[in-house]
Amino acid sequence: MSEQKQRKRSYSDLEDNSNQRPKRNNSKNFNNRNRNQNSNPNKKHKKNKKYVTFDNLKLKNSLVRSLKAISIYRPTPVQRKCLPMLLSGKNATISSKTGSGKTLCFLLPAIQLLTRLRSEPSQGTIALIISPTRELATQIFKVSWSLLRFEKQRCGLIIGGQNKQKERHHLINGSNLLIATPGRLLYHLNETKGFMIRNLRYIALDEADKLIEKGLEPELDKIFTIINRRIANNLNIQKREKSKKKEKENTKENKSVKINHLTNLQIVLTSATQDDQIRGLYKHLGGNLNDRFALKYIGVDDESQSATVKTLEQGYIICKSDQRLIFLINFLKRFSTSKIIIFFSSVKSANFHSRLLDFLEFPTIELHGQMEQRDRSFNLENFHRAKVSILITTDVAARGIDFAGIDWIIQYDPPDDPNEYIHRVGRTARAGKSGKALLFLRPEEKPFLKFLTKSKVSLSQFEINEKKIKTDIQEKLEKIIEIDKTLKKFAIEAYKGYVISYTSHTLKECFDLHQLDLRKVAKSFCFKKPPKISFGFNVKKGNRNKRKRKLNNKY
Ligand SMILES: Nc1ncnc2c1ncn2[C@@H]1O[C@H](COP(=O)(O)OP(=O)(O)OP(=O)(O)O)[C@@H](O)[C@H]1O
């Protein structure tokens with residue numbers, strides 16, 4: 001049997017073990033497994049020289065107590081490696097697999113710093129955490145809140161979509177630890193008088209690579225320029241108070257805000273996927289990689305053969321466009337007692353599929369960036385609580401969110417690149433738990449597997465057992481769309497969104513717009529034949545006629 005064949009697994013061989021899933025462990029503790037396996041863990045630990053506690057890492061007693069209160073007793077490998085360095089004030093960029101505990105790596109040093117400085121609310125923000133999404137920022141805020149339970153320092157959250165007035169009030173009252181998304185942070189830096197940032201000493205950028213990739217670089221640049229200027233002014237005021245003689249010199253400095261005071265900050269960058277872009281971002285922050293402020297790279301899993309965790313079982317299926325939806329529906333029927341996340345490439349597509357699946361009596365929860373913030377938070381909370389549910393989402397939920405008890409990650413629309421794949425599947429199999437992931441690929445998209453392999457992700461092929469797939473449903477779906485005009489509208493938008501999303505794929509050799517057979521694509525949006533719509537693509541000169549003809553043929 002060929003190697004490829006040996007690796008193939010039948011989709012129907014996959015067991016739905018959701019019913020046997022151990023009860024959700026709220027503590028999400030990596031160490032519980034060890035404790036359960038060993039009736040007397042202390043004996044084993046005494047023998048084990050590597051046994052490290054948070055106390056060994058010189059973490060304050062009150063912080064160790066806060067950790068115990070949320071059932072966290074021992075540091076994870078990445079925490080063991082990073083905390084000594086970060087607690088001593090060094091700058092670092094941290095890379096380790098999804099769900100390995102990076103949040104505490106940047107939060108504990110921030111809080112320890114606040115307590116060491118005995119910072120008061122009147123001193124404003126001393127530590128700042130920037131996150132690319134609102135959901136992730138909120139999650140970090142909740143963890144910060146529980147870690148500060150025995151401290152007098154305050155934490156605050158400022159994210160898009162929230163009441164600016166309320167946020168202003170909190171900022172003026174002083175949030176020593178502030179968690180923010182870039183847009184809203186920039187707004188308050190510009191508009192909120194009394195938002196004190198001049199005492200800033202610590203800055204962490206979570207999912208740092210995403211912050212750049214999301215096109216947030218110009219915003220970050222402005223943020224750092226303002227912070228730099230405020231720190232500079234503050235230092236000048238302090239100097240002036242010390243020595244009136246030097247006032248002339250100081251005034252000069254006051255004008256030259258080009259001096260980089262950001263190098264006086266402790267800087268931490270984290271992500272499960274990192275590349276050279278991170279170095280670029282660090283330079284924005286004023287860090288010089290050759291001096292004493294050098295950014296130390298801490299990569300916990302660099303030697304690992306795989307970029308994803310061992311407890312994740314992952315595979316792909318090859319599915320023609322017109323079979324995709326039928327297969328998805330069959331899959332959801334089969335795993336009806338599971339907690340599932342399905343990723344789509346566009347908001348419109350997520351929108352339509354959520355409605356369609358609800359109609360077909362698969363209750364879904366929707367989450368994407370074009371929803372009202374209130375609905376976003378409400379839906380996210382509901383999904384967190386649910387034992388069995390289907391989350392229909394876009395890449396807004398791909399990063400950092402700490403979901404519990406997820407059985408399956410379905411990438412119905414493929415991700416843009418291997419990094420995004422790694423983050424998406426990282427929403428399951430977290431903190432030592434197990435999980436499964438399934439990637440849908442059209443035959444033409446198979447080259448994407450090569451890119452995944454290069455990024456140390458290897459998948460098995462799950463075969464579709466054609467006999468078990470009910471295909472008669474296609475006709476019913478087409479009828480539903482004909483009758484329900486609202487659903488039809490959503491289907492048209494989704495179809496358009498799907499095709500357009502193809503134009504923005506960076507890996508053109510895997511996701512080529514011109515290889516889409518629109519008649520088949522239309523089937524997967526419940527149409528008998530492609531709806532007549534204009535996509536308004538920019539067709540490059542030279543190939544204009546050829547491409548136009550090609551597109552016309554397909555539409
Ligand atoms: N020392 C620890 N002991 C037990 N559980 C822990 C520990 N540290 C973190 N956890 C838990 O592990 C889970 C994952 O942690 P976290 O969200 O920080 O991972 P991450 O590395 O940031 O993941 P991602 O890359 O996906 O953002 C959380 O539920 C957290 O409570």
Side-chain angles (χ1 to χ4, degrees), residues 24-36 41 51-57 59 63-64 66-83 86 92-110 129-133 135-147 179 204-211 268-274 278 298-301 304 307-309 311-312 341 384 395-406 409 419-435 437:
R24 183 184 159 187
N25 178 0
N26 285 330
S27 65
K28 298 169 217 151
N29 193 333
F30 286 100
N31 310 310
N32 285 350
R33 288 190 322 149
N34 296 340
R35 276 211 303 279
N36 294 340
Y51 182 66
V52 182
T53 62
F54 283 106
D55 303 275
N56 301 146
L57 301 177
L59 203 63
L63 269 176
V64 177
S66 312
L67 286 171
K68 281 184 185 157
I70 52 170
S71 307
I72 290 185
Y73 302 98
R74 288 176 54 199
T76 63
V78 66
Q79 291 160 3
R80 279 205 294 272
K81 211 161 173 187
C82 294
L83 286 174
L86 295 177
T93 173
I94 305 164
S95 170
S96 73
K97 289 180 185 175
T98 52
S100 56
K102 291 184 288 297
T103 311
L104 291 181
C105 291
F106 61 78
L107 275 186
L108 291 171
I129 317 290
I130 304 184
S131 140
T133 66
E135 282 72 19
L136 184 53
T138 310
Q139 181 178 296
I140 299 169
F141 172 72
K142 285 182 185 165
V143 181
S144 312
W145 185 260
S146 54
L147 293 178
I179 295 101
L205 305 183
D206 194 18
E207 305 292 347
D209 55 334
K210 189 70 188 173
L211 280 166
V268 183
L269 310 176
T270 64
S271 181
T273 49
Q274 301 211 356
I278 298 284
I298 308 175
V300 178
D301 302 304
S304 171
T308 51
V309 293
T311 49
L312 174 74
I341 302 180
H384 267 302
D395 276 333
V396 78
R399 296 251 181 172
I401 315 278
D402 190 35
F403 292 111
I406 303 292
I409 299 291
N419 278 355
E420 228 41 48
Y421 174 94
I422 292 166
H423 286 280
R424 282 175 171 193
V425 296
R427 296 318 101 210
T428 187
R430 296 175 70 74
K433 305 267 163 53
S434 58

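In listed order, ligands and their atoms are each counted from 1. Hydrogens, waters and symmetry mates are skipped; everything else that's a heavy atom, side chains included, is used.
Considering backbone and side-chain atoms alike, G101 places an N or O below 3.5 Å from some N or O of ligand 1. Below 3.5 Å of separation, one finds no N or O of T98 facing any N or O of ligand 1. Ligand 1 has a nitrogen or oxygen under 3.5 angstrom from a nitrogen or oxygen of G99. When only interatomic distances are considered, the shortest N/O to N/O separation between Q139 and ligand 1 does not fall below 3.5 Å. Considering backbone and side-chain N/O of Q79, one or more are found under 3.5 Å from N/O of ligand 1.
Taking every non-hydrogen atom of A431 and a distance limit under 4.0 Å, the qualifying atoms of ligand 1 come out as 12 (O), 13 (C). Each of the atoms 16 (P), 17 (O), 18 (O), 22 (O) of ligand 1 lies under 4.0 Å from some heavy atom of T103. Heavy-atom contacts of R74 reach the following atoms of ligand 1: 1 (N), 2 (C), 3 (N) (cutoff under 4.0 Å). Taking a cut-off of under 4.0 Å to the non-hydrogen atoms of S100, the atoms of ligand 1 that pass are 19 (O), 20 (P), 21 (O). Interface of E207 with ligand 1, defined as ligand atoms under 4.0 Å from a residue heavy atom, comprises 27 (O). Close approach to T76 involves these atoms of ligand 1, each under 4.0 Å from a residue heavy atom: 1 (N), 2 (C), 7 (C), 8 (N). Interface of L104 with ligand 1, defined as ligand atoms under 4.0 Å from a residue heavy atom, comprises 8 (N).
Contact check for E420 versus D395: side-chain heavy atoms found under the 4.5 Å cut-off. Looking at K433 and T311, their side chains never come closer than 4.5 Å, going by heavy atoms from C-beta outward. Looking at heavy atoms from C-beta onward, Q79 lies in side-chain contact with F54 at the 4.5 angstrom threshold.
Residues that satisfy the side-chain hydrogen bond (donor to acceptor under 3.5 Å, both in side chains) test with R427, not counting sequence neighbours, are absent from this structure. Considering only residues two or more places apart in sequence or on other chains, N56 meets the side-chain hydrogen bond (donor to acceptor under 3.5 Å, both in side chains) condition with T53.
For D402, every heavy-atom contact with ligand 1 shorter than 4.0 Å involves the side chain, none the backbone.
Between E207 and K102 there is no salt bridge, since none of the side-chain N atoms of the basic residue sits less than 4.0 Å from a carboxylate O of the acidic one.
Q139 places a side-chain N or O within donor-acceptor distance of the main-chain N or O of G400, the cut-off being under 3.5 Å. Although no hydrogens or angles enter the test, the distance criterion places a donor-acceptor pair under 3.5 Å between the side chain of T76 and the main chain of S100.
The closest approach between any non-hydrogen atom of R427 and ligand 1 is below 4.0 Å. Not close to ligand 1: R399, with no non-hydrogen atom less than 4.0 angstrom away.
A donor atom on one side chain and an acceptor atom on the other are found under 3.5 Å apart for S304 and K97.
Summarising the geometry, atom NE2 belonging to H384 is positioned 6.5 Å from atom CD1 belonging to I401; distances are rounded to the nearest 0.5 Å.
Summarising the contacts of atom 31 (O) of ligand 1 with I72, I401, L67, V425, the nearest heavy atom is found in I72.
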